Amino acid sequence: SDVFFRSQILRCLWYMCKRIVGLDPIVFEDSKILIVGSMPSVISLKEQMYYANKTNRFWKVLEELYQESDKIKLLKTSHIALWDICHSCIRKTSADSEIKDIEPNDIQGLLETYKNIDKVICNGRTSYNTMKKYFPDIKTVYCPSTSSANARFSLEDLVKIYKKEI
């Protein structure tokens, strides 16, 4: 039973310290705006699509602004690219507050490759603060998180704020 107990502890420790890797950017030659999140949620990683959690209001905001429901077509026609600041990190749940040991994505390299991108918008405080930490010379704009955990802002509030910046 002692061996079993130790193996259970090791399994718990491994789960708690599991490094996760984010998604590749969605970017087009003519992208003009880069929206940077923190790290995809557990659901987004499983589905391999940004903001796949139905409770996240990101796609609802963009659909309201661009009247397009096809996600990739919406990004292409609106000249928006998506990526996250975290290439990988240790995180137990989908909560940004759980993010530890960040390995950042090469945001600078992406901007050098896609020279039409002239604006970087951070979706949420974690994204913004992490961008400032790793890329202090890149001008970034803060927008409130579209996560349902950010209940302070209604969908209407988010649409107004993002409309001003996009």
Side-chain angles (χ1 to χ4, degrees), residues 11-12 14-28 31-105 107 110 117 119-135 138 140-166:
R11 184 174 292 134
C12 288
W14 178 84
Y15 173 73
M16 286 170 37
C17 297
K18 187 177 178 189
R19 179 162 287 280
I20 56 174
V21 177
L23 304 173
D24 289 335
I26 299 175
V27 61
F28 308 96
S31 294
K32 294 179 181 166
I33 296 169
L34 173 63
I35 299 180
V36 178
S38 53
M39 185 69 177
S41 69
V42 171
I43 293 169
S44 292
L45 290 172
K46 182 178 173 218
E47 296 192 19
Q48 290 293 289
M49 183 58 176
Y50 288 96
Y51 306 103
N53 188 327
K54 302 285 185 240
T55 65
N56 191 301
R57 298 165 295 174
F58 180 81
W59 293 113
K60 291 180 185 111
V61 168
L62 289 189
E63 285 170 20
E64 183 78 25
L65 294 176
Y66 293 101
Q67 303 302 303
E68 176 60 60
S69 60
D70 182 286
K71 294 171 175 63
I72 301 301
K73 186 176 177 186
L74 186 158
L75 295 172
K76 175 89 174 112
T77 59
S78 61
H79 307 286
I80 293 173
L82 296 180
W83 210 11
D84 283 314
I85 183 59
C86 298
H87 166 71
S88 71
C89 67
I90 293 172
R91 187 184 67 194
K92 287 183 272 186
T93 69
S94 291
D96 280 358
S97 61
E98 298 276 339
I99 294 174
K100 308 277 186 262
D101 194 26
I102 293 170
E103 183 183 316
N105 273 314
I107 304 290
L110 185 87
I117 297 174
K119 187 167 195 176
V120 177
I121 298 172
C122 290
N123 182 349
R125 187 67 63 199
T126 300
S127 166
Y128 182 78
N129 290 342
T130 309
M131 273 292 295
K132 286 294 170 201
K133 176 180 177 180
Y134 289 100
F135 302 101
I138 296 176
T140 58
V141 174
Y142 163 78
C143 279
S145 172
T146 56
S147 168
S148 60
N150 186 14
R152 205 174 111 213
F153 292 89
S154 69
L155 177 60
E156 295 76 27
D157 293 336
L158 293 170
V159 168
K160 285 178 194 167
I161 293 165
Y162 278 79
K163 185 176 185 175
K164 282 182 199 168
E165 296 302 338
I166 296 177

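Since this is a predicted model, take the numbers as computed values, not measurements.
The heavy-atom pair separating G22 from L45 by the smallest distance is CA-CD2, 4.0 Å. Between P144 and Y162, the shortest heavy-atom distance links the atoms O-OH, 2.8 Å. Across D84 and I107, no two heavy atoms sit closer than the pair O-CD1, 4.0 Å. Across every non-hydrogen atom of L23 and W83, the tightest pair is O-NE1, 3.2 Å. For the residue pair M49 and W59, the shortest heavy atom distance occurs at CE-CZ2, 3.7 Å. Across I33 and I121, no two heavy atoms sit closer than the pair CG2-CD1, 3.8 Å.
Note that OG1 of T140 and CZ of F135 are 11.5 Å apart. Values are rounded to the nearest 0.5 Å. Taken to the nearest 0.5 Å, the CE atom of M39 stands 4.0 Å off from the CD1 atom of I20. Note that CD1 of I80 is 6.5 Å distant from CG of L74, once rounded to the nearest 0.5 Å. To the nearest 0.5 Å, atom CD1 of residue I35 and atom CG of residue N123 are 7.0 Å apart. A distance of 10.5 Å separates CD1 in I85 from NZ in K133, rounded to the nearest 0.5 Å. Rounding to the nearest 0.5 angstrom, the gap separating the CG atom in L34 from the CG atom in L82 is 7.5 Å.
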**Request:** Let me see the working for I117 and V27 under side chain to side chain contact (heavy atoms under 4.5 Å, CB included), right down to the final yes or no.
**Result:** CA-CA 10 Å; I117 297 174; V27 61; 4.1 Å; yes
**Request:** Just do the side-chain hydrogen bond (donor to acceptor under 3.5 Å, both in side chains) check on S38 and T126 with the steps written out, would you?
**Result:** CA-CA 6 Å; S38 53; T126 300; 5.6 Å; no
**Message:** Between Y66 and T77, does the side chain to side chain contact (heavy atoms under 4.5 Å, CB included) criterion hold? Intermediate values first, please.
**Reply:** CA-CA 9 Å; Y66 293 101; T77 59; 5.7 Å; no
**Request:** Could you give me the CA-CA distance, side-chain angles and deciding distance for N129 and Y142, then say whether side chain to side chain contact (heavy atoms under 4.5 Å, CB included) is met?
**Result:** CA-CA 9 Å; N129 290 342; Y142 163 78; over 6 Å; no
**Residues N150, R57; criterion side chain to side chain contact (heavy atoms under 4.5 Å, CB included); working and verdict** = CA-CA 10 Å; N150 186 14; R57 298 165 295 174; 4.2 Å; yes
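In this structure, the side chains of L110 and P25 come closer than 4.5 Å at one or more pairs of heavy atoms. Using a 4.5 Å cut-off on side-chain heavy atoms (C-beta onward), Y128 and R125 make contact.
Without hydrogens or angle criteria, D101 side chain to C89 main chain gives no donor-acceptor distance under 3.5 Å.
For F58, the ring pair (Phe, Tyr, Trp, His ring centres under 6.0 Å) test picks out Y51, with sequence neighbours left out. For S44, the side chain to side chain donor-acceptor pair (under 3.5 Å) partners at least two apart in sequence or on another chain are S41.
For the salt bridge (Lys or Arg N to Asp or Glu O under 4.0 Å) condition, the pairs that include at least one residue of residues 153-166, sequence neighbours left out, are K119-E165.
When each of C122, S145, C143 is checked for a side chain to side chain contact (heavy atoms under 4.5 Å, CB included) with S127, only C122 meets the rule.
The neighbour count for D24 CG, taken as heavy atoms of other residues, nucleotides or ligands under 6.0 Å away, does not exceed 12. At most 12 non-hydrogen atoms from other residues, nucleotides or ligands lie less than 6.0 angstrom from NZ of K32.
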